[in-house]
Amino acid sequence: MFDFSRRVLLLTGANGGIGRGIARLFAEAGARLVMADIGLQGAEEFARSLDPAGDSIAVVKLDASSTGDMDRAIELCIGRFGRLDFLVTAAAIYEDHLFETMTDEQWRKTIAANLDGVFFACRRVVPVMAEGGAIVNLASEAAHIGGSRGHSHYGVSKAGVLALTRSIARELAPRIRVNAVSPGTIDTPMVAQFLAANGPGYVDTIPMRRLGQPRDVAQAIAFLCSEAASYITGTTIHVNGGTYVGG
């Protein structure tokens, strides 16, 4: 469906549930990848499963809240592959903290990883991204309806990602397109606790009557990076099976 031959993707959060789906689809489409993740060993093992020879995938350790780590990821991308066409920011944390007892540090940790990290990545790729490049930021259904109980900091961080996406889309056009994807409940380890707490009946509340899969999100991202979306910037695609319908 997609041809990303000779294109290069920098993917943060590459070893997460959604990140793996993105990496796999782009690798299948012929892209070269820099997979950045805080879990270096797991990312390296996954990269070898996609590219045993190690010719088209490089891996780097990344704490999304670290500017130094982000600089090193971009340096690796340019040094190894000579260009950068796509940035996808999938790195995020999802921790349970009730608002009434949430500490300042817990708030800052989530905002730093989920929002500051997106700013750090987007700001740093601009000087090196190829003409006609694309940025896709991972937001969340929580950005539109608010975080679920115990996740107000997560909802705020993802709403910030949407505002940042729309703002920089205007500034970076026409050279770089910037869009977002807001997943709903996707069947990944990150939401396993939520799914366990809500029971099997939760699926019946989803109009499509199934959980989303990482590839569902990956395909929306690939579309936004492709030439098929060459006139789309500053927008958000919802991948949620119909649980939220809105702007």
Side-chain angles (χ1 to χ4, degrees), residues 1-2 11-26 64 88-99 102 107 110-111 113-115 117-118 135-166 169 178-226 228-229 232-247:
M1 185 181 300
F2 302 103
L11 172 63
T12 73
N15 197 44
I18 292 177
R20 284 190 169 211
I22 298 165
R24 183 175 287 109
L25 191 152
F26 274 76
V88 176
T89 58
I93 60 174
Y94 184 77
E95 297 184 343
D96 299 326
H97 300 117
L98 291 174
F99 179 74
M102 186 183 301
W107 171 271
T110 292
I111 298 300
N114 296 4
L115 180 55
V118 174
I135 296 171
V136 182
N137 296 319
L138 264 289
S140 169
E141 185 178 71
H144 305 268
I145 64 174
S148 58
R149 180 177 171 82
H151 304 111
S152 59
H153 44 3
Y154 180 81
V156 168
S157 69
K158 291 301 187 176
V161 168
L162 288 183
L164 178 65
T165 297
R166 292 167 180 156
V178 189
N179 292 290
V181 169
S182 283
T185 306
I186 307 300
D187 192 6
T188 67
M190 184 175 176
V191 298
Q193 185 174 350
F194 171 82
L195 294 174
N198 285 272
Y202 175 76
V203 174
D204 294 334
T205 70
I206 302 173
M208 292 298 290
R209 297 298 189 273
R210 69 173 178 88
L211 296 176
Q213 297 301 313
R215 195 170 184 90
D216 294 320
V217 181
Q219 289 177 147
I221 292 168
F223 164 70
L224 289 172
C225 288
S226 74
I232 299 175
T233 194
T235 196
T236 301
I237 292 181
H238 294 273
V239 184
N240 58 37
T243 55
Y244 170 80
V245 180

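Position 1 is the first residue of the sequence; numbering continues from there.
The closest side-chain heavy-atom distance from Thr236 to Val181 is not below 4.5 Å. Counting heavy atoms from C-beta on, the side chains of Ile22 and Pro214 never come closer than 4.5 Å. Residues Leu138 and Val217 are in side-chain contact: their nearest non-hydrogen atoms beyond the backbone lie under 4.5 Å apart. By the 4.5 Å heavy-atom criterion applied to side chains, Thr235 and Thr233 are not counted as neighbours. Looking at Trp107 and Ser157, their side chains never come closer than 4.5 Å, going by heavy atoms from C-beta outward.
Atom OH of residue Tyr202 and atom OG1 of residue Thr185 lie 2.5 Å apart, to the nearest 0.5 angstrom. To the nearest 0.5 Å, atoms CG (Asn179) and CG (Leu162) are separated by 11.0 Å. We find the CE-CG distance between Met208 and Asp216 to be 8.5 Å, quoted to the nearest 0.5 Å. One distance of note links CG of Asn114 with CD of Glu95; it measures 9.0 Å at 0.5 Å rounding. With rounding to the nearest 0.5 angstrom, the OG atom of Ser140 is 8.0 Å from the CD1 atom of Ile145. Remark: Thr165 OG1 to Asn137 CG distance equals 4.0 Å, nearest 0.5 Å.
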Practice task
Walk me through it: do Leu224 and Ile232 pass the test side-chain contact (heavy atoms from CB on, under 4.5 Å)?
Solution key: CA-CA 8 Å; Leu224 289 172; Ile232 299 175; 4.1 Å; yes
Practice task
List the steps, then state whether side-chain contact (heavy atoms from CB on, under 4.5 Å) holds for Ile186 with Ile18.
Solution key: CA-CA 8 Å; Ile186 307 300; Ile18 292 177; 4.1 Å; yes
Practice task
Please step through side-chain contact (heavy atoms from CB on, under 4.5 Å) for the pair Val88 and Ile135, ending with a clear verdict.
Solution key: CA-CA 6 Å; Val88 176; Ile135 296 171; over 6 Å; no
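Among all heavy-atom pairs drawn from Phe26 and Ala222, the shortest one is CZ-CA, 3.9 Å. The two residues Ala159 and Ala143 come nearest to each other via the heavy atoms N-CB, 3.5 Å. Scanning both residues, Phe223 and Ala229, for their nearest heavy atoms gives O-CB, 3.2 Å. Heavy-atom minimum distance, Phe2 versus Gln219: CZ-O, 3.8 Å. Considering every non-hydrogen atom in both Leu11 and Gly19, the closest pair reads CD2-O, 3.5 Å. Closest non-hydrogen pair, Ala218 versus Gly21, comes out as CB-O, 3.5 Å.
The existence of a salt bridge linking Asp204 and Arg210 is excluded, since no basic side-chain nitrogen approaches an acidic carboxylate oxygen closer than 4.0 Å.
Between Tyr94 and His151, the angle of the ring planes stays under 30°, which puts this pair in the parallel group of the 30/60° scheme.
No donor-acceptor distance shorter than 3.5 angstrom exists from the side chain of Thr110 to the backbone of His153, with no hydrogens or angles considered. Although no hydrogens or angles enter the test, the distance criterion places a donor-acceptor pair under 3.5 Å between the side chain of Thr12 and the main chain of Ala90.
When each of Lys158, Glu141, His144 is checked for a side chain to side chain contact (heavy atoms under 4.5 Å, CB included) with Ser182, only His144 meets the rule.
Heavy-atom neighbours of Phe99 CZ from other residues, nucleotides or ligands within 6.0 Å: at or below the threshold of 12.
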